*Asks:* 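Just dropping this structure here.
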Amino acid sequence: MNSTIPETSDQTPRPPRGFGRSPNLLVVEPNGEIASLLRARFASAISLDTAGAEAVPHHLKTAPYDLLIWAVEAFDGPHLVRLEELLKLISLHSPRTQLIVISEREPEPVGGRGNRRTYQYIPRPYEPEKLCKVVEVALERRPVSQSLLAYPEFRVLAEFEGMIGISLPMREVFQRIIEASSADIPVLITGETGTGKDLVAAAIHNRSERKHKPYIPVNTGAIAPELIAAELFGHEKGAYTGAVERRRGFFEQADGGTIFLDEISTMDEKTQVGLLRVLENKTFRRVRGDRDIKVDVRVIAATNEDLEEAIGQKRFREDLYYRLDVFRIHLPPLRERPGGVTLLTNHFVIVFNSLYNKQVKSIAPEVYRCLRRYRWPGNVRELKNVIQRAVLMAKGEEITLDLIPPRIREAAQAGEQARAGRLPFHPGMTLAAAEKELITMTLAATGGNKKEAARQLGISRRALYNKLSKYRLLQ
């Protein structure tokens with residue numbers, strides 16, 4: 001194909017935003033056309049390698065590429081497994097690598113839940129300038145203005161290390177991740193449940209100099225308090241009933257790499273002392289051990305609690321807090337991310353379309369309005385579950401309001417009525433209907449916080465759950 005190379009700027013090209021270095025590209029093509037195009041367009045702002053299809057596995061295993069452009073017609077007929085193998089290679093060896101596929105027709109979907117991955121597809125013949133724009137957007141990990149659903153042929157996400165966001169609060173989070181990655185210091189991540197603290201921790205590790213070393217995520221809240229110390233630091237044989245052999249803890253397993261401690265406030269006093277010792281001296285002892293073990297581990301901690309309040313209640317050590325709070329990243333709740341609900345909804349529809357072989361192509365306007373009015377106490381995790389259910393249940397090509405759980409529809413409606421100054425009570429209502437409306441309005445006012453809603457209603461949490469079940473508000 002004869003293509004016109006876009007004119008280059010008089011200014012020296014700079015690395016795309018979000019990179020403190022030149023991003024690495026790998027181009028797989030038969031004739032060198034795309035590589036020449038990109039070199040002329042981006043010059044020294046990128047580092048570009050080329051390879052034949054057979055050499056791609058070696059490259060992905062040995063070099064961290066930010067973008068792979070696959071422009072060989074190798075996915076047709078008996079070669080279909082080629083795409084499946086490529087997705088597996090990226091997932092296993094280079095999860096940060098974004099993929100652009102250029103071919104005359106889009107490859108057929110490949111099976112297997114673990115192999116499904118959002119990639120960008122560009123049909124031939126492509127427009128050189130448009131290709132360069134897609135590459136630029138992908139490397140900058142910044143959003144495009146168009147809806148994801150409106151342009152399915154360009155699956156460009158407002159993505160940064162697995163996180164989706166376009167708002168200023170999320171842009172600040174992404175910048176803080178970049179800053180934290182460049183310094184080998186403890187990091188404290190704060191934010192409500194479901195905001196994605198685990199993704200932030202993984203992103204910091206993946207961008208740090210420790211990225212080729214172990215990354216051990218630990219949810220301390222899911223471990224029995226009496227076992228946390230043994231899980232983190234290991235134990236000697238006979239340390240407690242059932243300890244039939246010596247066991248290495250998570251800190252030993254993470255030596256040289258990063259350990260992520262989620263729900264840090266659930267640690268007991270003894271474990272907090274042990275963690276403080278690791279932070280200060282880089283040493284610890286196994287449970288019932290008699291010798292110090294030295295480790296080099298970066299600690300990233302996360303909490304959805306106010307640790308200063310926990311310190312005041314004598315549940316968390318003040319000295320440990322200051323050792324952890326060297327660099328803080330706060331994740332805003334979904335309700336404080338302008339445009340976040342719409343963008344994430346579009347993204348999740350694409351993901352679950354692929355996962356369940358659905359053909360959802362649009363979302364009804366009233367669905368968007370309902371989702372934006374809801375306060376999402378469970379944040380991104382809750383929205384993801386709602387859209388997963390909607391896509392799975394969809395019978396046609398559109399997500400309609402009836403596919404959204406009643407609790408969200410009613411809470412959003414109650415919130416809108418309250419903002420408009422209209423109370424949904426009227427003469428002739430039954431007591432049950434009035435009670436249901438009052439509970440729905442209270443939940444909307446508290447952002448779905450059932451503990452606070454029960455307090456305001458003057459009933460116990462168990463009584464509130466019974467009423468929610470009675471009125472089918474738990475669906």
Side-chain angles (χ1 to χ4, degrees), residues 20 64 95-96 160-163 165 169-170 172-223 228-229 231-234 248-267 271-284 294-308 310-311 316-332 379-381:
R96 287 175 51 193
F160 179 90
E161 295 290 346
M163 290 168 281
M170 286 307 295
E172 293 175 349
V173 168
F174 297 161
Q175 182 59 38
R176 295 286 284 172
I177 291 172
I178 294 171
E179 294 168 355
S181 302
S182 63
D184 198 27
I185 54 177
V187 176
L188 178 63
I189 306 170
T190 60
E192 295 179 6
T193 297
T195 49
K197 296 185 289 294
D198 56 333
L199 295 178
V200 171
I204 293 172
H205 172 77
N206 290 337
R207 284 178 163 262
S208 73
E209 293 183 354
R210 296 176 180 263
K211 60 186 175 184
H212 298 301
K213 298 294 184 178
Y215 173 72
I216 307 293
V218 183
N219 187 337
T220 60
I223 304 173
I228 292 179
E231 292 292 325
L232 291 180
F233 308 124
R248 296 168 65 240
F250 291 130
F251 269 94
E252 282 186 83
Q253 297 174 38
D255 191 24
T258 304
I259 189 167
F260 170 51
L261 303 175
D262 200 3
E263 297 191 40
I264 193 76
S265 61
T266 59
M267 284 187 175
T271 308
Q272 290 181 39
V273 172
L275 176 57
L276 181 63
R277 182 181 183 187
V278 173
L279 289 168
E280 291 181 340
N281 304 324
K282 296 187 181 298
T283 62
F284 67 91
K294 191 171 183 64
V295 289
D296 175 23
V297 176
R298 183 182 192 178
V299 175
I300 301 177
T303 181
N304 57 13
E305 281 196 55
D306 184 339
L307 289 184
E308 293 182 353
I311 291 171
F316 201 81
R317 293 181 62 96
E318 187 173 13
D319 49 1
L320 176 57
Y321 169 69
Y322 289 123
R323 291 293 300 180
L324 291 171
D325 194 25
V326 176
F327 191 101
R328 179 179 295 203
I329 298 177
H330 178 71
L331 275 173
N379 291 289
V380 179
R381 184 183 297 123

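Only a predicted model underlies this, so the values are computations on that prediction, with no experimental measurement involved. Only heavy atoms go into these numbers, but all of them, side chains included; no hydrogens, no water, no symmetry mates. For reference, positions follow the sequence shown, starting with 1.
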*Asks:* Could you pull out every donor-acceptor pair under 3.5 Å between side chains of residues 254-264 and any protein atom, sequence neighbours left out?
*Replies:*
| residue | atom | partner | partner atom | Å |
| --- | --- | --- | --- | --- |
| D255 | OD1 | D296 | N | 2.8 |
| T258 | OG1 | H205 | ND1 | 2.8 |

*Asks:* Kindly compute the distance separating OG (S181) from CG (N206), expressed to the nearest 0.5 Å.
*Replies:* 8.5 Å

*Asks:* Quick check for you: to the nearest 0.5 Å, what is the distance between F174 atom CZ and I329 atom CD1?
*Replies:* 11.0 Å

*Asks:* For F327, does the six-membered ring have the charged nitrogen or CZ of R176 within the cation-pi criterion, i.e. under 6.0 angstrom from the centroid and within 45° of the normal?
*Replies:* yes

*Asks:* Can you see which heavy atom on L324 is nearest to which on A301, and at what distance?
*Replies:* CD2-CB, 4.1 Å

*Asks:* Side chains of H330 and I189: closer than 4.5 Å at any heavy-atom pair?
*Replies:* no

*Asks:* For M267, is there any backbone N or O sitting under 3.5 Å from a side-chain donor or acceptor partner on Q272?
*Replies:* yes

*Asks:* Could you tell me the separation between the OH atom of Y321 and the OG1 atom of T303, rounded to the nearest 0.5 Å?
*Replies:* 10.5 Å

*Asks:* Quick check: do R210 and D184 have side-chain heavy atoms less than 4.5 Å from each other?
*Replies:* yes

*Asks:* Nearest 0.5 angstrom please: E308 CD to E318 CD, how far?
*Replies:* 9.0 Å

*Asks:* Can you list the steps and then say if T190 with E305 is a side chain to side chain contact (heavy atoms under 4.5 Å, CB included)?
*Replies:* CA-CA 8 Å; T190 60; E305 281 196 55; over 6 Å; no

*Asks:* Would you call V187 and I204 a side-chain contact if the rule is heavy atoms closer than 4.5 Å?
*Replies:* yes

*Asks:* Has the side chain of N379 got a donor or acceptor atom that lies under 3.5 Å from a matching backbone atom of R381?
*Replies:* no

*Asks:* Look at the rings of F251 and F284 and say which category their plane angle falls in: under 30° parallel, 30 to 60° tilted, over 60° perpendicular.
*Replies:* tilted

*Asks:* Considering residues at least two apart in sequence or located in another chain, which fulfil the salt bridge (charged side-chain N to carboxylate O under 4.0 Å, His left out) criterion with R328?
*Replies:* D325

*Asks:* Please determine which of D319, L320, V326 meets the side-chain contact (heavy atoms from CB on, under 4.5 Å) test together with L279.
*Replies:* L320

*Asks:* Given side chains that start at C-beta, do those of L188 and L307 come closer than 4.5 Å, heavy atoms only?
*Replies:* yes

*Asks:* Measure across D198 and Y215 and return the closest heavy-atom pair with its distance rounded to 0.1 Å.
*Replies:* O-OH, 3.9 Å

*Asks:* Can you tell if the side chain of I228 reaches within under 4.5 Å of the side chain of V218, non-hydrogen atoms only?
*Replies:* no

*Asks:* Is there a donor-acceptor pair under 3.5 Å between the side chain of K197 and the backbone N or O of E192?
*Replies:* yes

*Asks:* Provide the closest heavy-atom pair for I177 versus R207 in the form atom of the first, atom of the second, distance.
*Replies:* CG2-CD, 4.4 Å

